[in-house]
Structures are given as structure tokens and as C-alpha cells.
Amino acid sequence: MSDKCKKIYITTPIYYVNDVPHIGHAYTTIIADTLARYSRLAGMDVFFLTGTDEHGQKIEHAAKARGKSPQEYADEISARFKYLWDEFEISYDKFIRTTDEDHMIGVQKAFEVMFDNGDIYKDVYRGHYCVSCETFFTATQLVDDEFCPECGRSTTIVEEESYFFRLSKYQDRLLEWYESKPECILPKSKRNEVINFVKNGLDDLSITRTSFDWGVKLPEKLNDPKHVMYVWLDALMNYLTALGYGTDEKRMEFWPAKIHLIGKDILRFHAIYWPAFLMSLGLELPHHIGAHGWWTRNGEKMSKSKGNVVDPKEIADAYGLENFRYFMLREVPFGQDGDFSQRALIDRINSDLGNDLGNLLNRIIGMSGKYFDFAVKSDGVKTHHAAELAEAEEIFDQVEPYLYEVQTNRYLEELWKTLRIANKAIDTGMPWVRMKEGKEEEAMATIALVANILAKVSVLLHPFMPRTTQTIAGALGFDIDTESYRKLIKSNELLGDFTIEKIPPLFPRIEEPLVETPAEKAKAEAEKTKKEVKKTEPRKNEESGANLITIDQFFQVSLKIGTVIEAEEVPKSKKLLKLQVDLGEERPRQIVAGIKEWYSPEDLKGTQVCVVANLKPAKLMGMVSEGMILAAKDDEGLSLVRPEQPKRPGSSVG
Ligand code: ME8
């Protein structure tokens, strides 16, 4: 990446509105924001896109489960993403929604172009579809002939008329692209995965559906109103429609994208389908697709049903938004998974930010104040510290590529090396000794070297921690902007004469975790309830023992873990869902449960529940129910009781 590339287009995935934002979403968005901020600082014309993906069966289901129209529901969740990004001061230039009118027009235009050039044809699709992942799988990809290889949920066989995209036609051109542009997929290790997948052969891709409505209609000229577009075709096109493709194309000058930042879960869509669509449209391919790893909790994927989702706002509020940004970008090598823990976050804040960066600033504030009344002159640095300055400048000159390769951890590691050079210069230069010796010029040179290193670090760290670094720069008497970037980084200039301003420590030490984990919260809640119960008068029937049962009575109830293998709505019922639950018996049990208000069938398939297994069968709306599933309900709604770790179907509870 050189300065010659003046226009730069950076994107995040557009997030599904079936879930509220968590730290995984924040991670991708923060990486993209950092790249966008850096590029602006370096004087480039940046277009940074994020947004929400709002069509498809999954969203239709999620809305229905909450008794809302898909649009109402999408409006609500999309606003939550936008609100969070605004709270996080994410510097996006556009927040796109796939329900935007101009997006839908653009997608139709793209469809038409691909249709007209012969890349789209009509046929019948028969395949296994996972609604949750909005993805088709071949029989060989399924787990145990039925379950989705991505999320483990049960797939459904779909047979319907569909339009197809001639993906197979692009197999060789895709392979040529991966070969000729070794950095098209980052990290480079991920490229091989994609190449192997493509070498195994590509089937044409079904790109329309007729079994639901919530999607972009086909172009009018096809006169086929029962079809809507496959959500991934619709979604990927956002990268073009955000630039006005098909409507007002002025911003198309930003194309091709410098980088599409994504998580590894959606690499196949971006590295195979997307370039093939672009080839069909006759457009250039993106420079990079950057796929990062997964954030986990205690090694497990985060998910609502496991209750282990980390709320980024809660963490940022407790620890400071910029400290949180630093942690995410420093902690994990790009492409690898990372386990989120408050302990690791605290260690980074105390050690990297507090000890290394903050203390260095405090040291020079202290020394410059004590010896020179805060007035610093840089002219002796090159005489007395030429070697240290050269060493640090070499690092400053060479860090940028790490950023555009999304190796943010390496980039930060390199910057931190210069802080060590600065600290060492103080330890060996010993300004306090030099002052006693009357060598004021040497003492001044050491202080000025450190101040200049700090100034340059704050400029290069600015995209990661915009406010904190502006505070550091303020203390050193300058502003971080394109001009100071050019002078201090590109031209290797020094600050000259300046006055240091005393500021309070930037990174107060943190001893203990500041946010309770869900388990701790539950424990605290239980303690509170226990105390409250103690305070209140014991209820009469408890006192008399009328409500108590013996252990033997308890064991008369057979509680078992079951896996929901099928779930469907009961026609005409507002409350009931009909489930087929595997309890490790010869055949699954049919259980009819009044949970439709809170769960859609898709939420349940493949998940586990706790079942009262020896309940007399009963009939609900004419259907036999052979058990009851356990759930807890409070003012905020209903939540199923589930095992913390998956258990073999039929495992007993007690
Ligand atoms: O896939 N760790 O949307 P999505 C790290 N709408 N990153 C995570 C994460 C985790 N635990 N969980 C989510 C979609 N992400 C489609 C995209 S783009 C044309 C359409 C991040 O809401 C990561 O970036 O499921 C991942 O790729 C993305 O959220 C998936 O978001």
C-alpha cells in the first residue's frame, strides 16, 4: 500500500439483525475502524462501510417469534447496531441496510447484468438447507446425514424452482486469482483452505427462493414474482450498492475495495462467491479479504443459548473504550481464535498501557518539570542519541505494512519496541546524574529523545486509541492530524522546542475484574434473593411443611436431557410449538410446548432441553404430548432450562 492509492474502501460484514451486537461484531468493526482512521491520518480519501443484513428466512422467523413484522424487527435491531457503533465512535462513512431502497435497486441491477450475460439460468433445486446459516449443503457435507456442518442444527430438504448462478464456470478463473495475488486472502494461511475447496469442484449456486417472501424481488423484466433473492447474493452486493451501484454511481470510484474485513465463518462467501459475482459483473476484484479468528469464552463459541455472550458496551464502559480497543487489537494474532477474559484485559491495561506507555510519559513529565520547568528543546537529540533515534525511526518507517496485512498485534508489538528503546535511553542516559554533573544539554537530549519517541508513538497509535493519544499529544504540545503524521512519521522530523503539560496518569491500575460474569451475576442474584427471603416472614405453608417433599418423592420425577431434532409451529396456535425430542430412546418423543412466543422452531432445532420424561401423555390441540420441557419465566420473558455442556440424549438430571 503506498500513498499513491489515494482512495481507499474498507468494509465490515453487514451483521444479521437476528442477534444483538457482541464482542465478535465489535472486533471486526474496531479493526476496520482502525484501518480507516489510519488511512485518513495518512491523507487518503477513505470510504468506510458497515451496516446490517436484514433479509432472509432466519430474520423472518426471528421476527415472527417475537410477534413483529420483519421490517419492524429489522428496524429495531439495526438501530441497536448503529447505536453501539455511534457510542463506540466508529468512524463509518455509511451504515447500509439491505432494506434500503437504493440497495435493493442495485441488487436487481446486478442480477439483470448477470442474467443478460448468461450467467443465470432457471432449474429445480433439491438440497439440504440450513436456515440458521442461510446456506445449502451437499449430502456429503452433512453431519450424520442430517445436521448442518457449521452450526449443528438440523437441515431441511428443499426442492423448489430456483435460478442458478454459473459458479462452476468461474472455477479456473478463481484459482488463477488466488495464484496470481498471493495476498488476496489474509492471513495467507487461509488462502490454501479456499484453494483446496475450489479445487474440489464448484457446483452452480442456487440464488433465488420461492418458499418465503422476505427478500429482494427479481428484476421486473423477468416477470417471476414468486422468487426472492438468496440472502447472500443480496448481502454481498451491499459492497457495491453502498457506492451507488445501479443508482447513483459517483462513489464507484472507490471500487475495488482495499479490504473486506470478515470473520472466518464467512470466508467461503467472500473468497469464492463474491469474486465470481464480480467477474460476472465485469468488475475488478477486491485487493484483500481479511478473515479473522473467533472470540470465545472459556474455549467455547459465544452464543445466546449458552449465555456466555460478552456485551462489548459493558466491557467498554467498565474498562474504557480505548483500552478495550487496544486489548482486542493487541491480544490475538490475526486469523487466530482468542479467548476473552477480563484477566487478560486487565493485564494488558496494567502492563502495556500503564507500565510501558503511561509510566514513560509520567517519567518525562516529572523530569522535564523538575529540571527544565517543562520547556524541552529537541536540537541535542541527534548529537547525543543518534543511534537510539535511528533505531526507533527504522521501526516507525516499517510498521505500516503490518496494519494493512491486519497484523495489528505485530504493529503494536513493534511500536512497543520503541518504548523500550526510550526507557533504556533514560536508564543509561540517567538525566538526574547528568544534571548533577552539570551536563544539562545531555539531560535535555535524553528527555527530548523520549518525548519525541512518545510523540511518534502517539501518532501511530492514534487510529487504535484516538482520544488517549490526542491527550498524550496535547501534553507534548501538538495535535495529531495529517500534517503531524507527515512531519513526524513520513519526514522523520522532530518536535523542535515545546512545552510539556502535566496531566494526570492515563491508565490507573486495575486490580480486580470490574464486570461480573454471567455466572457471578447469577450467584449474586441468588445471594440477594436468599437474603431477601430470610428477611421476609416465612410463608405459612412452608412453615408447616405442606409444600415440602421428601427426596424419594423428588426421585419419582424422571428428568432427562433431550436433543430437539425437529420443531414446528402448531397451525392456528399462538403459543404452541410441536417438538420431536431425542431422549436416547427407540424413537423421539413428541412434546407440545407453549413457548412459541419466545422461541422459533429454528432457535430450537439441534439444541438441548431438560424434559420431565415420566409425565402421563396428554393431548394439546388434538396432538399427543409425551413429556414437558422445563423453562424459567420472569418479567423479561421465558428461558429454557438447558445443560451447560451438551449431554448425551437421555442423560438423567437430578
Ligand atoms: O454472517 N468472534 O452476519 P453475522 C469474532 N450477515 N467475530 C465474530 C464472532 C465471534 N465470536 N461472532 C460474530 C453474517 N463475529 C452475514 C454477513 S456480509 C455480506 C454478510 C463477526 O451477524 C465476524 O465478523 O452472523 C463474523 O464474520 C460476523 O460477525 C458475522 O456476523
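Note that ligands are numbered from 1 as they come in the structure, with each ligand's atoms numbered from 1 the same way.
For S132 and E602, the side-chain atoms include no donor-acceptor pair closer than 3.5 Å. Remark: the S39 side chain and the Y404 side chain contain an N/O donor-acceptor pair separated by less than 3.5 Å. At a cut-off of 3.5 Å, with distance as the only test, a side-chain donor of Y92 or D86 sits close to an acceptor on the other residue. Side chain to side chain, S341 and R343 fail the donor-acceptor criterion of an N or O pair below 3.5 Å. For the 3.5 Å distance criterion, the side chains of H227 and T208 qualify, holding a donor opposite an acceptor.
Counting protein heavy atoms only, atom 7 (N) of ligand 1 is closest to H292 CE1, 3.2 Å. Taking atom 11 (N) of ligand 1 as the reference point, the nearest protein heavy-atom neighbour is W295 O, 3.1 Å. Scanning the protein heavy atoms around atom 28 (C) of ligand 1, the nearest turns out to be Y15 CE2, 4.0 Å. Annotation: atom 13 (C) of ligand 1 to nearest protein heavy atom, H22 CE1, 3.7 Å.
The ligand atoms of ligand 1 that sit less than 4.0 angstrom from a heavy atom of I266 are 1 (O), 17 (C), 27 (O). The atoms of ligand 1 that sit less than 4.0 Å from any heavy atom of D53 are 6 (N), 16 (C), 20 (C). Residue G263 approaches ligand 1 through these ligand atoms, each under 4.0 Å from one of its heavy atoms: 23 (C), 24 (O), 26 (C), 27 (O). The ligand atoms of ligand 1 that sit less than 4.0 angstrom from a heavy atom of Y239 are 18 (S), 19 (C). Which parts of ligand 1 touch G293 is read off a 4.0 Å heavy-atom cut-off, strictly below it: atoms 5 (C). For ligand 1, the atoms sitting less than 4.0 Å from at least one non-hydrogen atom of D265 are 26 (C), 27 (O), 30 (C), numbered in the order shown with element in parentheses. The atoms of ligand 1 that sit less than 4.0 Å from any heavy atom of T28 are 21 (C), 23 (C), 24 (O). Set against the non-hydrogen atoms of A235, the atoms of ligand 1 under 4.0 Å away are 19 (C).
Taking all heavy atoms of P13, A26, A32, G24 into account, the minimum distance to atom 15 (N) of ligand 1 is reached by G24. The residue from F340, Y16, Y273, F269 that puts a heavy atom closest to atom 14 (C) of ligand 1 is Y16.
On a distance-only criterion, Y27 and ligand 1 share no N/O pair closer than 3.5 Å. Checked against a 3.5 angstrom limit, the closest N/O atoms of K264 and ligand 1 fall outside it. By the 3.5 Å distance cut-off applied to N or O atoms, W232 is not counted among the residues near ligand 1. Any N or O atom pair closer than 3.5 Å counts here, and I14 shares at least one such pair with ligand 1. Backbone and side-chain nitrogen or oxygen atoms of H270 are examined, and none is located within less than 3.5 angstrom of a nitrogen or oxygen of ligand 1.
Between R97 and D75, at least one side-chain nitrogen of the basic residue sits less than 4.0 Å from a carboxylate oxygen of the acidic one, meeting the salt-bridge criterion.
The shortest side-chain heavy-atom distance between L281 and N117 does not fall under the 4.5 Å cut-off. Counting only heavy atoms from C-beta outward, the side chains of F136 and S206 approach each other to under 4.5 Å.
Neither the backbone nor the side chain of K301 comes within 4.0 Å of ligand 1, counting heavy atoms alone.
The two residues H103 and M237 have their closest heavy-atom pair at CE1-C, 4.2 Å.
Taking the six-membered ring for Trp and thresholds of 30 and 60 degrees, W274 and F277 have ring planes more than 60 degrees apart, a perpendicular arrangement.
Under the salt bridge (Lys or Arg N to Asp or Glu O under 4.0 Å) rule, D93 has a single partner from R37, K7, R251, R40, which is R40. Partner of Y326 under the ring pair (Phe, Tyr, Trp, His ring centres under 6.0 Å) criterion, out of F464, W416, Y411: W416 alone.
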